[in-house]
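The structure appears below as structure tokens.
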Amino acid sequence: MFRPFLHHTLMAAGILLGSHAAFAESRVALVIGQSNYRAVVPLPNPANDARAMSQLLGNAGFEVMDAADLSQNEMREKVGDFAAKVAAKGPDTVALVFYAGHGLQIDGENFLVPVDVDPKRETDIPLQAIRLNDVLNTLTSVPSKTRILLLDACRNNPFPAISRSAGHGLAIVDAKTGAPGTFMSFSTSPGAEAEDGSGADSPYTTALLSAAKEPGLSIEDTFKRVRVSVNKATEGRQTPWDSSSLTDDFRFFPGSGAAAPKQVEAKRSVDQWRRELQGKRVEIANEMIVADGTDEAYEAFVGLFAQPPFGPQAREWLDRHRRMVAWNNAVIINTAAGYRAFLLQYPDSDLTATARKLEDRLRNRPNIAASLAAIGGAPNASGASAPAGTALPTNASLAAPTCPCGAPPLPLKKVDLPPKKRADPDPPKRASAQPPRRQRQPDDDVVVYRRPPPPDYYEPSPVPSIGIGIGLGGFGRGGGGYQGRSRGGY
């Protein structure tokens, strides 16, 4: 009577053990859903998105930390607790963060928006929100195998006080410039805004829930499918975007066979894409470039298919992406000249007001490049720096001075310096009101270091009617280390 029950129980236990054995590494996830904003209209979907992702990730072997409707302090605390959990699991850990809610870019930086923010001006966002870079830095500060950030956070800016001057969507974040082993996915492309959708979940989360369930599908192929699905669901208005520096293979659910070694695909040129797309139906060609997501693919497509609706959509994506790349470069350089160059290239965009503000703020900042170039010049005897490009004197040129008239180097001869005069053995002592210094007691472990012998000195042999003078000005000494960049600051 108990045999069937025992048989089913053993089968279930075997499936459970097999599922856990399939995930060789530890997996932990932080899932945040921000719906109930206090100062603006609540978002209906993030809470649903977070619940559905928690269930998916739990089934995929993740130990999930759920969080909802977090204030700024609560969000910082949760991220810190999550980093501590990753550190406790050890370096062979996959750490995943899923965030659904509002996200903004201010002065080229991306911010995740807590539910308690109430900004009256742009400068309130850095004080009240959470920098995305702070989350990244926290995760990379602890050893882990892989870091995955999934951000359904590019919705429209809901704050009227700053919506007109801040840029749309989120700025570019290139995972390749950070620590290896990072994968980032955004619900739409940089500079664009994502839709909430008409269903219980957003278009991005809906597509992710479907694509991630397929066994054996790599994370790169998973998000290629996500891009195509969201692009179709929104009729081309929204296309997710991702950036990767992964060095190891990752799959949400393992497949039947062993994972193949990770291989980097060669990037195809515009001409190669043009030959690849030639002769294909426009719908098929559009799916191919959306799945690829590179400038080269889009450029080849707009050259072949200019007709609506796919041609204008592809052109808009390409123009916006190039503008966001140029904006990212200007933010990284962070000089008045860099923002001026961006404004000359893109004089009328949603980033124009921000670029002008940062240009004005940095106009009177010292030109670091010019200062470094001046330091690189040879100083004259008065201590003033020579023009940039003048070679500094080297040890060889100092050791063998040449005649100003172009004669060969002068011969050098060794000379002996006169011995130093010994000081008076009993010099008069200055009266001082200071108490005598405490004498250091001798110790058996003290090691006495003897001074090295004095170096040999050389002087040029006398040559009639020739005088030589070498004057070296002082070189400025300052901190040469990288101090970090505050966008728009001094």
Side-chain angles (χ1 to χ4, degrees), residues 102-113 119 121-123 125-126 129 131-136 149 151 153-157 159 162-178 182 184-194 237-245 293-299 302 313-363 365 368-369 484-490:
H102 279 302
L104 303 171
Q105 65 159 312
I106 301 295
D107 294 351
E109 278 199 278
N110 294 325
F111 292 86
L112 306 181
V113 183
R121 59 195 64 84
E122 283 188 26
T123 54
I125 291 296
R131 280 183 169 86
L132 177 59
N133 280 339
D134 290 345
V135 178
L136 282 169
L149 281 86
L151 302 175
C154 312
R155 294 168 170 86
N156 66 306
N157 188 335
F159 305 105
I162 64 175
S163 61
R164 295 180 180 178
S165 56
H168 295 164
L170 296 180
I172 287 179
V173 180
D174 189 357
K176 296 180 179 63
T177 62
T182 302
M184 300 188 65
S185 174
F186 297 81
S187 57
T188 191
S189 53
E193 294 178 349
R237 296 185 301 273
Q238 178 179 337
T239 304
W241 183 84
D242 56 68
S243 180
S244 173
S245 65
T294 62
D295 282 18
E296 290 78 8
Y298 274 85
E299 184 176 345
V302 297
Q313 290 175 352
R315 168 56 67 184
E316 181 183 2
W317 185 98
L318 183 62
D319 292 344
R320 181 175 59 247
H321 188 73
R322 287 176 172 172
R323 182 174 69 251
M324 295 305 298
V325 170
W327 174 242
N328 186 56
N329 293 336
V331 170
I332 291 174
I333 297 171
N334 196 40
T335 63
Y339 293 116
R340 168 51 48 186
F342 175 82
L343 288 169
L344 291 176
Q345 188 176 6
Y346 300 100
D348 187 16
S349 73
D350 59 300
L351 297 168
T352 298
T354 301
R356 287 175 177 167
K357 176 188 64 178
L358 296 179
E359 181 194 10
D360 292 340
R361 188 183 299 173
L362 295 170
R363 181 172 287 118
R365 189 177 71 169
I368 298 176
R485 177 179 53 77
S486 175
R487 292 181 175 89
Y490 286 90

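Count residues from 1 along the sequence. Hydrogens, waters and symmetry mates play no part in the numbers below; they use all other heavy atoms, side chains included.
A heavy-atom distance below 4.5 Å is not found between the side chains of L149 and V173. Y298 is not listed as a side-chain neighbour of R322, based on a closest heavy-atom distance of 4.5 Å or more. Between N328 and D174 the shortest side-chain heavy-atom distance does not fall below 4.5 Å. No side-chain heavy atom of T335 sits less than 4.5 Å from a side-chain heavy atom of L362. L318 is listed as a side-chain neighbour of E299, based on a closest heavy-atom distance under 4.5 Å. You'll find the side chain of M184 reaches within 4.5 Å of the side chain of L136, heavy atoms only.
In terms of heavy atoms, R320 sits closest to A192 at NE-CB, 3.6 Å. Minimum heavy-atom separation, W241 to S189: CB-CA, 3.7 Å. The nearest pair of heavy atoms linking T354 to D107 is CG2-OD1, 3.5 Å. Here the shortest heavy-atom pairing between P126 and F111 reads CA-CE2, 3.6 Å. Taking all atoms of both residues into account, the shortest heavy-atom contact from A166 to I106 is CB-CD1, 3.8 Å. In terms of heavy-atom proximity, A129 sits nearest to L112 at CB-O, 3.4 Å.
At distances below 3.5 Å, not a single donor-acceptor pair connects side-chain atoms of N110 with backbone N or O atoms of L132. Judged purely by atom type and a 3.5 angstrom limit, Q238 uses its side chain to pair as donor or acceptor with the backbone of S187. Looking at S185, its side chain never comes within 3.5 Å of a backbone N or O of D242 through a donor-acceptor pair.
Distance check: I125 CD1 to Q105 CD gives 12.0 Å after rounding to the nearest 0.5 Å. Considering NE2 of H168 and CD of E193, their distance stands at 5.5 Å, rounded to 0.5 Å. Note that the CZ atom of R361 and the CG atom of L358 stand 5.5 Å from one another [nearest 0.5 Å]. For the atom pair CG (L343) and CG (L351), the distance works out to 9.5 Å, reported to the nearest 0.5 Å. Distance check, rounded to the nearest 0.5 Å: CG of L170 to CD of E109 gives 12.0 Å.
By the 30° and 60° cut-offs, the orientation of the rings of W317 relative to H321 is parallel. Relative orientation of the W327 and Y339 rings is tilted, given thresholds of 30° and 60° on the angle between their planes.
Looking at R315 and D319, a side-chain N of the basic residue comes within less than 4.0 Å of a carboxylate O on the acidic one, giving a salt bridge.
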